[in-house]
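To start, the structure itself, in structure tokens.
Just so you know, ligand 1 is whichever comes first in the structure, and atom 1 is the first atom listed for that ligand.
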Amino acid sequence: MYIDTHAHLFDKQYELDLDEVILRAKQNKVDEIIIPATDISTTEQAIKIAEKYEGVFVACGIHPHETKAWDSSIIMELENLAKHPKVIAIGEIGLDYHYDFSPKEIQIKAFQEQLELALTLDLPVIVHNRESDADMKEIITKYSALGLKAQFHCFNGSLEDAQYYISLNHIVSFTGNITFKKFDFLRDIAKQIPLNKIMIETDSPYMSPIPHRGKRNEPAYLSLVAETLAQLHSVSVEEIAEITSANAREFFSLRNINKPILVYPLGEALYINVTNRCNADCVFCSRKGDAVINGFSLRMNKSQELPALDYIKEIGDPKKYSEVVFCGYGEPTIRWSVVKEIAEYVKASGGKTRLNTNGHGNVINKFDITEEFNGRIDVVSISLNSTDKEQYSKLMKLPEAYFEEMINFVKVAKMKNVEVVLSVVDYPEINIKLAERFARNVLGVSFRLRSYF
Ligand code: SF4
Ligand SMILES: [Zn+2]
Ligand SMILES: [Zn+2]
């Protein structure tokens, strides 16, 4: 329902209970949270958090307070960090003449260079502005003409300023201070701004709304900001949620957020999510649960499965990755013809491929698919799961005959020009040592232990 467009969740104050903070946010209908970083190190921290939780995104940038040691090479670092799929904006950036932690000229230089980066990367910006209105207006006017999209976060200026920024197609966003007793002037401004130009935020851990003022703020309190706005505009709080979330989705290009993830980076590799379907139903598989890896939900129903070309477009240059892995929550060989086509593209473009499979691809496809591995698949990683037929059948909820099928798959794959790896999940009931010996000594292939998520 809500999107908290500004929460500094990397702050030390969340060190001990971030899991609970995120859980409370979800319980209070905050579906998405954007973490604006303040420097390089907090950008890295914010990315780690976004990788862990679904619906959490990052803005990368250098806050005006942190620009003292500005050096233009920082732009390259930011550009690199912005490549992460969860980075959706440049921020927070801007000017702050109240605290004056960094000299004005440096603040302006850093701000302008980051605005240029945003334009190059076609990303919106999150702007911090305090007692710097004249310079801010001049700079924003200049870059608006070049297509800049800005959010004036924690808006605290005049009605004229707000109207000016809106006239340039920017958005203002309100935080907990609109609930403060002495802030009638701000409520008065918020009342006069059309709802399609407003976003909401908590600015956590600061700006706690009444009745939490003075304590640590968190995204779960966002509804208090929404309630005040609802009263001011004489609409329901649901309407505020709907409009401000639609504004945020549009502004940060989150519109396709419920579209299934086709490719996702993990370490140095790129993973391909071809299907959620599987002929097995392993006890340790969260395929039917939340299916979240690295902050991305891999949920995908059959009607959302897409042809090879859509994957190829998203892969781009496969040489950027150590390997391209067909994996996800589901058995990729169910869509062997699509895997084959993507693998052909990756190989022709100089990349490496790995197929993670349960080894049932030949029964599924009713022919020996390993005959088609040559030149397409470099490594095939097959789930051994157990060396015991009965346990294998119980773990995968399949007839025991599938154990033989998997072993045969290993044997035929071994005869092709591919590296064969057998893997087991570090699930408590599985005898890992025995599995390793079986893989290496009995079948003569490599072995890999997969972590159980
Ligand atoms: S074979 Fe893989 S995708 Fe299928 S149920 Fe088992 S763990 Fe999940
Ligand atoms: Zn700020
Ligand atoms: Zn902030």
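Checked against the 6.0 Å centroid criterion, the rings of Phe409 and His360 do not qualify as a close aromatic pair. Ring centroids of Phe10 and His8 are separated by less than 6.0 Å, placing the two rings close together.
The proximity of Cys278 to ligand 1, defined as any non-hydrogen pair under 4.0 Å, is limited to the side chain.
Checked by atom type, the side-chain pair Glu218/Ser204 shows no donor-acceptor distance below 3.5 Å. Remark: the Glu341 side chain and the Ser337 side chain contain no N/O donor-acceptor pair separated by less than 3.5 Å.
The atoms of ligand 1 that sit less than 4.0 Å from any heavy atom of Cys282 are 1 (S), 5 (S), 6 (Fe), 7 (S). Ligand-side atoms of ligand 1 in range of Cys285: 5 (S), 7 (S), 8 (Fe), range being under 4.0 angstrom from any heavy atom. Listed by number with element, the atoms of ligand 1 under 4.0 angstrom from any heavy atom of Ala280 are 5 (S). Atoms of ligand 1 found under 4.0 Å from any heavy atom of Gly330, numbered from 1 in the order shown, are 3 (S). If you number the atoms of ligand 1 from 1 as listed, the ones under 4.0 Å from a heavy atom of Asn358 come out as 1 (S).
None of the N, O or S atoms belonging to Asp96 lies under 2.8 Å away from the Zn ion (ligand 2). Here His6 does not reach the Zn ion (ligand 2): none of its N/O/S atoms is less than 2.8 Å from the metal.
Cation-pi contact between Arg354 and Phe326: absent, since separation from the ring centre below 6.0 Å together with deviation from the ring axis within 45° is not met.
Taking the six-membered ring where tryptophan is involved, the planes of Phe180 and Phe183 are perpendicular, since the angle between them exceeds 60° and thus also 30°.
Computed with the Zn ion (ligand 2) at the centre, the Glu92 OE1 to His128 ND1 angle is 90°, stated to 10 degrees.
Note on Asp19 versus Arg24: no salt bridge recorded, every NZ/NE/NH1/NH2 to OD/OE distance being 4.0 Å or above.
Within the structure, ligand 1 lacks Ser383 among the residues with a heavy atom less than 4.0 angstrom away.
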